[in-house]
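Chain naming here is simple, since letters A, B, ... match the order of the sequence lines and numbering starts at 1 in each.
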Number of protein chains: 2
Amino acid sequence: MKKRPSTVCPIVYALDIWGDPWSLVILRDVLIHNKRHYREFLASRERISTNILSARLQSLVEAGLLIKLEGDTNRAQTMYRPTQKALDLFPVVFAIMHWGLKYNPNTDMTIPIMQELTTNEKALELRLLENFDDVTS
Amino acid sequence: MKKRPSTVCPIVYALDIWGDPWSLVILRDVLIHNKRHYREFLASRERISTNILSARLQSLVEAGLLIKLEGDTNRAQTMYRPTQKALDLFPVVFAIMHWGLKYNPNTDMTIPIMQELTTNEKALELRLLENFDDVTS
DNA sequence: AAGTCGTGCTTGCATTTTGCAATTCCACAC
DNA sequence: GTGTGGAATTGCAAAATGCAAGCACGACTT
């Protein structure tokens with residue numbers, strides 16, 4: 001990922017942080033699917049490779065979207081959790097999902113979230129946010 | 001840009017279309033700044049290079065987000081205009097702008113749109129949509 | 001009709017990033 | 001110590017990017 005000099009445009013600012021093809025996939029897994037471990041991210045359908053995953057996790061930590069924690073029981077089991085800055089991406093992620101939902105004929109509507117997204121987005125957001133009480137408190 | 005096989009996830013679907021670091025910059029210029037000519041896109045602060053611009057315009061046309069038209073007076077003056085599929089990205093673009101606005105300390109608030117985005121987003125969207133009456137009618 | 005200007009786009013090439021498999025590092029368990 | 005599994009690095013081929021130069025072509029000038 002190229003780095004542009006500090007920008008005056010909010011969109012370019014956002015793109016410079018998560019505007020590559022992988023960061024948003026990771027953020028989706030964190031925000032929507034409540035994943036937190038390296039192995040969980042690796043297991044996603046999109047088959048991210050280990051070096052890219054590692055690099056993206058690092059850059060998201062640097063950008064202040066994720067924090068890296070030692071596992072509770074096992075100290076080797078690193079845990080990645082979102083910051084408020086990442087949680088504020090919910091509206092973005094939802095907007096993208098709405099758009100994808102409208103135009104991707106292959107969308108899997110059996111994914112639990114999908115139904116609720118169209119019928120009750122606000123409740124969905126609030127429910128998902130509960131996953132991060134540990135972070136926001 | 002890599003191509004992933006057809007996906008079941010609306011987010012990945014969206015990323016495969018405009019999830020590279022440049023496509024959204026072009027779409028921003030089309031949707032927000034009402035640009036339509038090659039030279040206008042080249043003139044953006046972000047200094048996209050000619051080959052990338054050309055490739056991205058093509059892929060956005062292929063993806064059905066833009067249409068390519070001959071200029072009205074000058075046949076050599078190609079014109080790129082958004083389709084409905086691109087206009088439906090307004091909520092996404094706005095959501096990203098809100099986020100960038102919150103976290104990018106360098107945001108240039110003198111850009112006309114910025115003030116209105118925070119105070120009256122819906123009116124802003126409607127006003128911008130008027131730029132595309134030719135396309136939607 | 002010949003020059004030249006503006007506009008959109010392609011080419012060539014060095015640099016960077018990706019994809020993928022193999023390997024290493026390290027905490028913990030036994 | 002040996003083994004196990006999670007996290008990350010390395011090596012290398014393939015692809016994408018950045019950049020400068022040049023090409024095609026319609027329109028305008030004379």
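- For A:Ile48 and D:dA7, the CD1 to C1' distance is 14 Å, given to the nearest whole Å.
- Looking at heavy atoms from C-beta onward, B:Glu40 lies out of side-chain contact with B:His33 at the 4.5 angstrom threshold.
- In this structure, A:Ile52 and A:Trp22 approach most closely via the heavy-atom pair CG2-CD1, 3.6 Å.
- If you check distances only, the side chain of B:Arg39 does reach the base of C:dG8 with a donor-acceptor pair under 3.5 Å.
- At least one side-chain heavy atom of B:Ser23 sits less than 4.5 Å from a side-chain heavy atom of B:Leu60.
- Take B:Asp88 and apply the side chain to side chain contact (heavy atoms under 4.5 Å, CB included) test, not counting sequence neighbours, and it matches A:Trp99, A:Lys102, A:Tyr103, B:Gln84.
- Of the inter-residue distances, the one linking A:Leu24 atom CG with B:Leu15 atom CG reads 5.0 Å to the nearest 0.5 angstrom.
- Of the candidates C:dT10, C:dG8, D:dA8, the closest approach to any side-chain atom of B:Thr78 belongs to C:dG8.
- Taking every side-chain heavy atom of B:Ser49 into account, D:dC19 is the closest of C:dC20, C:dT7, D:dC19.
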Next on the checklist: Before you tell me yes or no, could you show the steps for A:Asn51 and A:Arg56 under side chain to side chain donor-acceptor pair (under 3.5 Å), namely the whole-Å CA-CA distance, both residues' side-chain angles and the distance that decides it to 0.1 Å?
Outcome noted: CA-CA 9 Å; A:Asn51 52 349; A:Arg56 285 296 160 276; over 6 Å; no

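- Where B:Ser54 and A:Arg47 meet DNA chain C, the nucleotide closest to each residue was compared, and B:Ser54 sits on the side nearer the 5' end.
- When each of C:dT18, D:dG18, D:dA8 is scored by its nearest atom to the side-chain atoms of A:Tyr38, the top-ranked nucleotide is D:dA8.
- For C:dG19, the OP1/OP2 oxygens have no side-chain nitrogen or oxygen of A:Arg56 closer than 4.0 Å.
- Look at B:Trp22 and you'll find a side-chain N or O under 4.0 angstrom from OP1 or OP2 of D:dG18.
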Between the protein and nucleotides 3-5 of chain C, list every N/O to N/O distance that falls short of 3.5 Å.
none

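- Here the CD1-CD distance, from B:Ile26 to B:Glu46, works out to 10.5 Å after rounding to the nearest 0.5 Å.
- For the pair A:Asp20 CG and D:dA15 P, the computed distance is 20 Å after rounding to whole Å.
- Under the 3.5 Å distance criterion, the side-chain polar atoms of A:Lys68 are left unmatched by any main-chain donor or acceptor of A:Leu57.
- Every side chain to side chain contact (heavy atoms under 4.5 Å, CB included) that B:Thr107 has, sequence neighbours left out, goes to A:Pro10, B:Leu101, B:Asn104, B:Met109, B:Met114.
- A:Lys122 and A:Glu125 are joined by a salt bridge, as a carboxylate oxygen and a charged side-chain nitrogen come within less than 4.0 angstrom of each other.
- Between the CZ atom of B:Phe41 and the P atom of C:dG8 there is a distance of 9 Å, given to the nearest Å.
- With sequence neighbours excluded, no residue satisfies salt bridge (charged side-chain N to carboxylate O under 4.0 Å, His left out) with B:Arg36.
- With rounding to whole Å, B:Leu57 atom CG is found 13 Å from C:dT7 atom C1'.
- Residue-level contact check: A:Glu40 touches neither bases nor backbone, having no heavy atom under 4.0 Å from any strand.
- The CD-P distance, from A:Gln77 to D:dA8, rounds to 11 Å in whole Å.
- In the helix from C:dA1-D:dT30 to C:dC30-D:dG1, the rotation axis of the first five pairs and that of the last five pairs differ in direction by 10°, rounded to 10 degrees.
- Residue B:Tyr80 is classed as a sugar-phosphate contact, given heavy-atom separations below 4.0 Å to backbone atoms only.
- In this structure, NE2 of B:His37 is placed 16 Å from P of C:dG6, rounded to the nearest angstrom.
- Side chains of B:Ile32 and B:Met97 form a contact here, defined as non-hydrogen atoms less than 4.5 Å apart.
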Under 3.5 Å between N/O atoms: give me all the protein pairs with nucleotides 10-13 of chain D, atom names plus distance.
none

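- For the pair A:Ile26 CD1 and D:dA7 P, the interatomic distance rounds to 13 Å; values are reported in whole Å.
- Atom P of nucleotide C:dC9 and atom CD1 of B:Ile52 are separated by 15 Å, given to the nearest angstrom.
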